[in-house]
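Here's the structure we're looking at; comments come further down.
These values consider heavy atoms only, across backbone and side chains, with no hydrogens, waters or symmetry-generated copies.
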Amino acid sequence: MILEKIHKPNDIQKIPLEDFPRLAGEIRMFLIEHISKTGGHLASNLGAVELTMALHNVFHLPEDKIIWDVGHQAYAHKILTGRKEEFSMLRQMGGISGFPKRSESPCDSFDTGHSSTSISAGLGYVRARDLQKQSHYVVSVIGDGALTGGMAYEAMNNAAELKKNFIIVLNDNKMSISPNVGGISAYLGSLRTAESYCGLKLSVRKNLKKIPKVGEAMVQAVHKTKTGIKQLLIPGMLFENMGLTYLGPVNGHNTRQMMKLLNEAKRVEGPVIVHVLTEKGWGYEPAMRYPSKFHGTAPFEIATGALKNKPEKADYTDVFSSTLCKLGGKDSSIVAVTAAMPAGTGLNRFASLYPRRFFDVGIAEAHAVTFAAGLALGGLTPVVAIYSSFLQRAFDQILHDVCMQNLHVVFAIDRAGLVGSDGETHHGCFDFSYLSLMPNMTVMAPKNKWELSDMLEFALDQPGPVAVRYPRGEACDGLEQYREPIELGKSEWLVHGEELAILTIGSMTMTGEEVRLALQEDGWNPSVVNMRFVKPLDEERLDELAQRHSILVTLEENVLSGGMGEKVCSYINAHHPQMQVISIGIPDQFVGHGSVSQLRKQIHLDVEGIVTTIRERAVR
């Protein structure tokens, strides 16, 4: 096997070009075999194999810098930089990450996991290189889906001032996770038809330069003008008008063609964008047919693409989807907004039932929120469904455009808490903290699937901004005997005890019940209270608990700083200083990747860890 000859960075440069098609096939088979066992991002990586090979053959790592946008297409990059032996532990506890990580290799230039960042990071590298009079190349790889994020244009606008080389590779596969939407997608679609453009442009430049004395001046005149002949010669006018040289489009599954264009890009003085056309899932029929399904996949059967372990129960996303569709049928003012994730957030069904009331704005979370503010002011009731980790990117818009105007926007926050194998960039463990500091915001979390349904219905009936956050994965169907009507800021007393009370919220409520049972073995008779709301906090319940309890234990799958426990502790210290508060949650650190159960155990947020903490800290 050719792949066996690659053990360290730049080994690919020793492989004859005629062997590259075989090597690409071997890399694809390697990825399919390993991801079928571990799960991971498959379709995006299969589509970027030849692109990665071309980059690694033209540039020298780690001296040259390759910055991958999002990073879920960097598996082949990891293989070519000496990490193929570690793929059996991909995204597993103690194994390599599914995203670029500087701690893994000096060839990973930037830790990432969120979209639209690579051009900004690359520009920073370029400025640092030039100030220090260095000469290496910097390459930012960005997908067409990521170009719907405004940050990419802010960076390109800034990059236009450069006089030195900076290469931006646009990996255009017509998709983010779902098919792309909007004007940029349509614009790139027109460029994809300009197959002869690159050769025409280079040929015109070459022939003009041959004209004695005036040839070079003519090339510069064509480059500077923004009308006339340039409009005819340059389909990439959007980029050229921003001050970037445009090269392409080029077949992203032809390594030789890409290497030729990348070498041309190395000679450009200033920023240059290389437009590469790829197909998600390339080389594996199930992933080519269903690229969204194989964007991020659980372990699967290679022959068919079928999941090895299909979930038996509905997950929280399914519950949200069903409830919203039901409520949308009763109220025509309800509209749904998502940022390039209609399938991931469960809005596909709503979109099919009520297409005129569904809006996918692309990877543009900040825009999604302010757009929803406008919808609310226009008399509609927008539900903004975005993963917790990605909603962080719209902090200012939630605060300034929604909360300041006290607009009725409902935030359905999926993937809250620990999400598992995707690691630091995808855990949703900060939302209680950053949302509850905002005036006018209501923040709540359900204990089980029925409470999620009730909370969504409640949220749609409330004035002002409301956030409902729920975890990834199978919806809890325990504690079904408890279903008190939801009232604003009111908790739910599940089990009455004395001396010690366990205050839970959201995904930690079932855990709290298990902790209660474990503590009974130590002679405790704990109460369990489902707080339901982080904001407003049920202060009346805290006063009531103070009459029969001396210790409060708070449980949350959120960072302790700014979370529910901190708020409870602040109130108790001010009004019941004789009480002890033990706050248990996610510590002040970024949590790595692994299964949710492994991560909870690692940070002592599992039942055993919580019971141990209480035994060590509780003063009887």
[X] side-chain N/O to [Y] backbone N/O, donor-acceptor pair under 3.5 Å:
| X | Y | value |
| --- | --- | --- |
| Gln92 | Leu90 | yes |
| Ser44 | His72 | yes |
| His408 | Gln462 | yes |
| Asn530 | Glu492 | no |
| Ser322 | Val319 | no |
| Asn573 | Cys569 | yes |
| Asn558 | Phe432 | yes |
| Thr338 | Ala340 | no |
| Asn440 | Cys403 | yes |
| Ser453 | Trp450 | no |

Any chance the side chains of [X] and [Y] put a donor and an acceptor closer than 3.5 Å?
| X | Y | value |
| --- | --- | --- |
| Lys567 | Ser436 | yes |
| Ser595 | Gln598 | yes |
| Arg541 | Ser491 | yes |
| Asn448 | Tyr316 | no |
| Thr317 | Asp414 | yes |
| Thr81 | Arg83 | yes |
| Thr511 | Arg600 | yes |

### Query
Taking atom OG1 of Thr554 and atom CE of Met564, what is their separation to the nearest 0.5 Å?
5.0 Å
### Query
Roughly how far apart are Leu31 CG and Ile79 CD1, rounded to 0.5 Å?
4.0 Å
### Task
State plainly whether the residues Asp431 and Arg469 are in salt-bridge range, i.e. N to O under 4.0 Å.
yes
#### Entry: side-chain contact (heavy atoms from CB on, under 4.5 Å) partners for Leu399, two or more places apart
Phe395, Met438, Pro439
### Query
How would you list, by chain and number, every residue that makes a salt bridge (charged side-chain N to carboxylate O under 4.0 Å, His left out) with Glu498, sequence neighbours excluded?
none
Establish, yes or no, whether a centroid distance under 6.0 Å links the rings of [X] and [Y].
| X | Y | result |
| --- | --- | --- |
| Phe590 | His427 | no |
| Phe99 | His41 | yes |
| His34 | Tyr75 | no |
| Phe390 | His114 | yes |

### Task
Test the Arg615-Trp524 pair against the cation-pi criterion, namely NZ or CZ under 6.0 angstrom from the six-membered ring centroid and within 45° of the ring axis.
no
On a heavy-atom basis, which atom in [X] and which in [Y] lie closest, and how many Å separate them?
| X | Y | value |
| --- | --- | --- |
| Val361 | Ala368 | CG2-CB, 3.7 Å |
| Met510 | Leu479 | SD-CG, 3.7 Å |
| Gln397 | Thr370 | CG-OG1, 3.1 Å |

### Message
For a side chain to side chain contact (heavy atoms under 4.5 Å, CB included) check, start with the C-alpha distance between Leu391 and Ile413, then their side-chain angles and the critical distance, and finish with the verdict.
### Response
CA-CA 8 Å; Leu391 189 63; Ile413 307 173; 3.7 Å; yes
### Task
For the residue pair Phe300 and Phe294, categorise the inter-ring angle as parallel (less than 30°), tilted (30 to 60°) or perpendicular (more than 60°).
perpendicular
